[in-house]
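See below for the structure under consideration.
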Amino acid sequence: MTPPAATVVLLYQRTSLPWIFESAERAGVRLVLVPRPDEEPPPEGLPPAVTEVLPLDVERDRAGALEALRRRHEAEPFDGVLTLYDPLVPFAARAAETLGLPGIGYDTALGAQDKRIMRQRLAAAGLNTPRFVSLDGPGALAEAARLRYPVVVKPARGYSSFGVVRADTPDALGPLAAEVSGYCRERLDDAGSLLVEEYLDGPEYAVESLAHRGRVRVLTIGYKGRPEGPYFEESVYRAPAPLPAAVQEAVRREVTAAHAALGITDGPTHTELRLCDGTPYLLEMGARIGGSGVSHHIVRHVTGVDLAAEALRIAAGLAPESFGPGPSGEAEGLARATGAAGNYIVPCGGSGRIAAVRGLDAVRADPRVDHVVQMLFPGDVVRPYPDFTGYPAFVLSHHGSAADGEEFHRALARDIRIDYAPEEAVR
Ligand code: ADP
């Protein structure tokens, strides 16, 4: 039996999202899984790569969790700490830093999570960012009134579009900000303060990249639809995006420069941006695999790169296998697309108690579909926006071309539907 290449502590990954577990097996990496406190081990057993389960309530007791990891490392050293869960990216970086393991460091991780810090660092590096105001301090609302409207209000440390709302006039901003603050206090452990930024009017793209020792490979650019608000529900993700070569190159340059501006030298990143008249404006860059592993699915089918395996190797201080030889800092081209892939995010299409989720069974049997992740079921309650309950399901697929993927998504929009039980108060 070959000895494991490395052991990595994986924080808060749901086993229902299988990609990183499968990649760990392929890469010969053993996983110490820290499950989410609300997750029971699956009845069918743990993925084979998981050799140990270490329950820790990281969000409630960070110091205690750090101390437990230190003790575990002392008793039996591991090689790295990784998470795909956005709120824990700074904690994972801090743990790695404290234990002398590879990582980008706490300060850099925070800059890739707290949108105030991110915006400041991107703007200081001369990158394209919308004008913004941090709503913390007297006079901030008055300052935000002077931005160009519409604007978008969002929690500085939010995720999954929770609490992200468009405000069309300065008069609407105050009440909306108060409402979003209330939701954040209720539902986000550490939302930070609110950020207001100018609305970027243009189609949205997600970019998946991998960095190693300062070299950045932009792997895929995918289309994310054109949500216009007032609430920003995700809808589709299709890669590669059919963009002219010059625009792809502008995106690649901007994203590569953003890595340098934020100091992200190692590991996977997930970037969201909008194109305004062909110019990329960064919405955010996360120092992690996007969508709890969805980005891995996209990258694997579009480029053949095993993104999650590469992320595990880099987290453990091993060399990634998808980088060609070359000096650090050398410019990398956009990876070549050899296939197409998509994620269709089933829209809630209303609110209330779910009576039925229609059309998903047929989709599961479709050979183009690799995985259906169902998160909401009959009986679950969907609260109305701007509150956020979660998405009903993801449909992950692969295709011969981006056009086939688009056609497939049109059919899903027709065939999948959520039915709600009549008139029940859900608040
Ligand atoms: P989160 O981290 O919660 O996903 P984002 O900043 O990525 O927050 O915002 C979520 C979504 O809201 C984006 O994907 C985008 O569709 C929309 N959005 C956020 N900020 C802006 C903006 N300045 N202009 C236009 N759309 C925005």
Side-chain angles (χ1 to χ4, degrees), residues 84-90 109-123 127-135 144 147-168 173 176-177 180-181 183-184 187-208 221-238 241 255 258 262 269-277 279-292 294-295 343 345 347 385-391:
L84 282 63
Y85 181 55
D86 191 64
L88 289 201
V89 170
L110 199 61
Q113 202 223 14
D114 185 315
K115 296 184 176 82
R116 286 163 303 184
I117 304 174
M118 192 186 306
R119 288 255 166 277
Q120 280 155 9
R121 290 182 183 171
L122 294 174
L127 295 179
N128 302 325
T129 53
R131 288 202 301 150
F132 65 98
V133 171
S134 195
L135 281 192
L147 292 170
R148 180 175 48 77
Y149 279 68
V151 295
V152 175
V153 188
K154 59 175 86 169
R157 302 189 67 182
Y159 56 99
S160 296
S161 302
F162 179 83
V164 182
V165 191
R166 196 190 70 212
D168 290 334
L173 179 62
L176 264 181
V180 170
S181 270
Y183 284 121
C184 290
R187 304 216 190 270
L188 294 181
D189 278 346
D190 180 12
S193 56
L194 298 184
L195 196 68
V196 182
E197 58 189 40
E198 291 179 350
Y199 176 73
L200 299 166
D201 192 6
E204 192 161 321
Y205 297 84
V207 183
E208 312 301 346
I221 304 172
Y223 177 66
K224 293 276 297 188
R226 193 175 181 151
E228 291 178 347
Y231 310 116
F232 296 90
E233 197 173 23
E234 292 199 45
S235 59
V236 295
Y237 184 2
R238 288 191 295 268
V255 169
L262 298 179
T269 61
H270 172 77
T271 309
E272 288 172 2
L273 57 85
R274 285 190 169 212
L275 284 178
C276 301
D277 296 326
T279 301
Y281 280 77
L282 248 56
L283 284 170
E284 63 169 341
M285 174 178 279
R288 60 184 167 82
I289 298 176
S292 300
V294 167
S295 299
N343 182 25
I345 298 137
Y385 276 96
D387 207 342
F388 179 71
T389 310
Y391 295 109

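As the structure lists them, so they are numbered: ligands from 1, and atoms in each ligand from 1. Numbers for residues simply follow the sequence, beginning at 1.
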Lys/Arg cation over aromatic Y237: K224, 6.0 Å, 45° cone
yes

Structural part of F232 in contact with ligand 1, heavy atom criterion under 4.0 angstrom:
side chain

For G202, does its backbone N or O pair with a side-chain atom of Y281 as donor and acceptor, under 3.5 Å?
no

Minimum-distance protein heavy atom relative to atom 10 (C) of ligand 1
S161 OG, 3.3 Å

E197 heavy atoms, cut-off 4.0 Å: which ligand 1 atoms fall inside?
20 (N), 21 (C), 22 (C), 23 (N)

Here the atoms of ligand 1 under 4.0 Å from any heavy atom belonging to K115 are 1 (P), 2 (O), 5 (P), 6 (O), 8 (O)

Under 3.5 Å, is there a donor-acceptor pair between the side chain of E204 and the main chain of E272?
no

Give the atom numbers and elements of ligand 1 that come within less than 4.0 Å of a heavy atom of V164.
3 (O), 8 (O), 9 (O), 12 (O), 19 (C)

How far is atom 7 (O) of ligand 1 from its nearest protein heavy atom, and which residue and atom name does that atom have?
E284 OE2, 2.9 Å

Any heavy-atom pair between the side chains of R166 and F232 that's under 4.5 Å?
yes

Look at atom 16 (O) of ligand 1 and say which protein heavy atom is nearest, naming residue and atom and giving the distance to 0.1 Å.
E204 OE1, 2.6 Å

Quick look: E234 vs ligand 1, heavy-atom contacts under 4.0 Å, and the answer is neither

Could you list which atoms of ligand 1 come closer than 4.0 Å to a heavy atom of R274?
15 (C), 16 (O), 25 (C), 26 (N)

L282 vs N128 side-chain heavy atoms within contact, under 4.5 Å:
no

Ligand 1 to E272, heavy atom cutoff 4.0 Å, flagged ligand atoms 7 (O), 14 (O)

Tell me, which protein residue and heavy-atom name are nearest atom 24 (N) of ligand 1, and how many Å apart are they?
L200 N, 2.7 Å

Measure the shortest side-chain to side-chain distance between K115 and R157 over non-hydrogen atoms and say whether it is less than 4.5 angstrom.
no

By number and element, which atoms of ligand 1 are closer than 4.0 Å to a non-hydrogen atom of K154?
5 (P), 6 (O), 19 (C), 20 (N)

Taking the side chain from R274 and the backbone from L200, do they hold a donor-acceptor pair closer than 3.5 Å?
yes

Is there a donor-acceptor pair under 3.5 Å between the side chain of R119 and the backbone N or O of L283?
yes

Below 4.0 Å from any atom of ligand 1, is there a heavy atom belonging to E198?
yes

To which protein heavy atom is atom 18 (N) of ligand 1 closest, and what is the distance rounded to 0.1 Å?
L283 CD2, 4.1 Å

Measure the shortest side-chain to side-chain distance between I345 and S235 over non-hydrogen atoms and say whether it is less than 4.5 angstrom.
no

